[in-house]
Undergrad: 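Sending over a structure as structure tokens; questions will come in a sec.
Both ligands and their constituent atoms are indexed starting at 1 by order of listing. One-based numbering along the sequence shown.
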Amino acid sequence: AQALLAPRDLEGLRVAVSAGGTREPIDPVRFLGNRSSGRQGVALAAEAAARGASVVLVATNIAGDVLADARHPSVRIVTAGSAAELADAMADAAADADVVIMAAAVADYRPVAVSDRKLTKESGGIPSIELVENADIVASLVAARRPGQLIVGFAAETPEDQDELIARARRKQQRKGVDLLVVNEVGWERGFESADNAVHVLGPDGAIAGEASGTKRAVASAVWDAVSDTLSSDRT
Ligand code: CTP
Ligand code: CA
């Protein structure tokens, strides 16, 4: 019934969505990772397809049962592991997308050197892992933006209070040059790995263009509403 009632307001729109969290290899058996499950990005892909869009979902380290929710004739799934792989896959996907959403949690740093062989205790001492900063993928997508392309960033923050949450989000939106920024508060018990989420969506002018809480699918619906509003106000 939900599919029958879903508006088809994204018909003909081509979208690229990244989801999940990158893993930066240390050696053949270890990585630096984060707690992103990919559920919010998968919900964004599924919601867009239900509303008529054609979707490329770049999935980074998403469990099969989570990814199954994105199965739809209009969703093409591409996988990426590390931030570098995600950067390549998103550059490809964005090249012919009208809307790009970077929902993936990208590792800020990666080990300078990846060992071909497992680090072992036999080598003695406690290893220290030297890190180097990963390129900012969404900033590169903004720099390579096609005319009229809308780019949406995400931010997961652990603020002191709501004012700090919004202030940090506005700074991030400006720093990255994204059109819309979806910000959610996360913590040990909130945001990651859970079924529910609560977000604010900052519009192109930095004002709050949408708010949603509840299931990740409900949040996805509110994000696409904000995208849809922004696209139609650009056209007028
Ligand atoms: N992002 C990205 N490439 C990176 C890091 C982040 O594309 N190397 C994207 C994320 O996918 C997200 C947005 O940038 O859409 C914000 O990510 P976040 O980690 O909040 O931003 P940072 O600039 O890394 O700031 P912080 O120091 O708060 O982690
Ligand atoms: Ca970061």
Side-chain angles (χ1 to χ4, degrees), residues 15-25 31-45 48 56-62 78-95 97 99-112 131-145 149-160 164-187 190-192 197-204 206 209-210 216 219-220 223-224 226-227 230:
V15 314
V17 178
S18 70
T22 70
R23 291 180 175 180
E24 309 304 316
F31 57 82
L32 295 176
N34 62 69
R35 289 176 56 204
S36 176
S37 66
R39 282 193 179 87
Q40 187 58 70
V42 164
L44 283 162
V56 177
L57 171 62
V58 180
T60 68
N61 306 298
I62 301 179
V78 175
T79 57
S82 64
E85 288 171 11
L86 179 60
D88 287 347
M90 281 308 284
D92 278 356
V99 178
V100 177
I101 301 192
M102 268 304 288
V106 184
D108 291 331
Y109 311 101
R110 68 178 183 277
V112 173
L131 301 176
V132 61
E133 191 164 352
N134 279 327
D136 192 319
I137 300 170
V138 78
S140 319
L141 296 174
V142 166
R145 177 207 296 269
Q149 188 179 59
L150 197 91
I151 302 184
V152 183
F154 261 71
E157 305 287 349
T158 53
E160 199 80 53
E164 194 201 326
L165 180 72
I166 300 300
R168 288 185 67 90
R170 289 209 174 105
R171 290 200 298 275
K172 194 164 280 181
Q173 179 183 26
Q174 288 183 351
R175 195 167 70 232
K176 308 241 170 198
V178 295
D179 300 296
L180 299 175
L181 188 82
V182 183
V183 53
N184 61 338
E185 190 174 342
V186 297
R190 301 180 59 177
F192 288 133
N197 208 4
V199 305
H200 303 274
V201 184
L202 299 187
K216 290 188 175 177
V219 166
V223 171
W224 284 115
V227 167
T230 305

Undergrad: Only heavy atoms of Ala135, strictly under 4.0 Å: list the atoms of ligand 1 that pass.
TA: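 Checking each atom against Ala135, I get 3 (N), 4 (C), 8 (N).
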
Undergrad: Does any non-hydrogen side-chain atom of Leu141 lie less than 4.5 Å from one of Met90?
TA: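 A side-chain contact exists here, since the closest heavy-atom pair is under 4.5 Å.
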
Undergrad: Leu181 versus Lys172: any side-chain heavy-atom pair under 4.5 Å?
TA: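 Touching, per the 4.5 Å side-chain cut-off.
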
Undergrad: Would you say that Leu57 contacts Val78 through its side chain, given a criterion of any heavy-atom pair below 4.5 Å between the two side chains?
TA: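 Not in contact.
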
Undergrad: Decide, yes or no, whether a salt bridge links Arg175 with Asp136 under the criterion of side-chain N to carboxylate O below 4.0 Å.
TA: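 Asp136 and Arg175: not salt-bridged.
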
Undergrad: Can you list the ligand 1 atoms lying under 4.0 Å from a non-hydrogen atom of Gly153?
TA: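 Answer, ordered by atom number: 15 (O).
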
Undergrad: Applying a 4.0 Å heavy-atom criterion (strictly less than), which segment of Asp108 is in contact with ligand 1: side chain, backbone, both, or neither?
TA: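 Only the side chain of Asp108 comes within reach of ligand 1.
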
Undergrad: Taking 4.0 angstrom as the limit and counting only heavy atoms of Arg175, give me the atoms of ligand 1 inside it, by number and element.
TA: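 Per the distance check, 23 (O), 25 (O).
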
Undergrad: Could you check which of Met90, Lys176, Lys172, Met102 puts a non-hydrogen atom nearest to atom 14 (O) of ligand 1?
TA: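 Answer by nearest heavy atom: Lys176.
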
Undergrad: Got a second to check how far Arg39's CZ is from Leu44's CG, nearest 0.5 Å?
TA: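 With rounding to 0.5 Å, CZ (Arg39) is 14.0 Å from CG (Leu44).
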
Undergrad: How many angstroms lie between CZ in Phe154 and CD1 in Ile101, if you round to the nearest 0.5 Å?
TA: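 One gets 6.5 Å once the value is rounded to the nearest 0.5 Å.
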
Undergrad: What residue and heavy atom of the protein are closest to atom 13 (C) of ligand 1, and at what distance?
TA: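 I find the closest protein heavy atom is Phe154 O, 3.1 Å.
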
Undergrad: Give the residue, atom name and distance (to 0.1 Å) of the protein heavy atom nearest atom 9 (C) of ligand 1.
TA: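 The protein heavy atom lying closest is Val138 CG1, 3.9 Å.
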
Undergrad: Do the non-hydrogen side-chain atoms of Glu24 and Pro111 ever get within less than 4.5 Å of each other?
TA: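 Touching, per the 4.5 Å side-chain cut-off.
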
Undergrad: Quick one: does ligand 1 sit under 4.0 Å from the side chain of Ser18, the backbone, both or neither, non-hydrogen atoms only?
TA: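 No part of Ser18 comes within reach of ligand 1.
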
Undergrad: Between Ala104 and ligand 1, which part of the residue brings a heavy atom under 4.0 Å of the ligand: side chain, backbone, both or neither?
TA: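 The answer is the backbone of Ala104.
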
Undergrad: How far is atom 3 (N) of ligand 1 from its nearest protein heavy atom, and which residue and atom name does that atom have?
TA: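 Looking at atom 3 (N) of ligand 1, the protein heavy atom closest to it is Ile137 N, 2.9 Å.
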
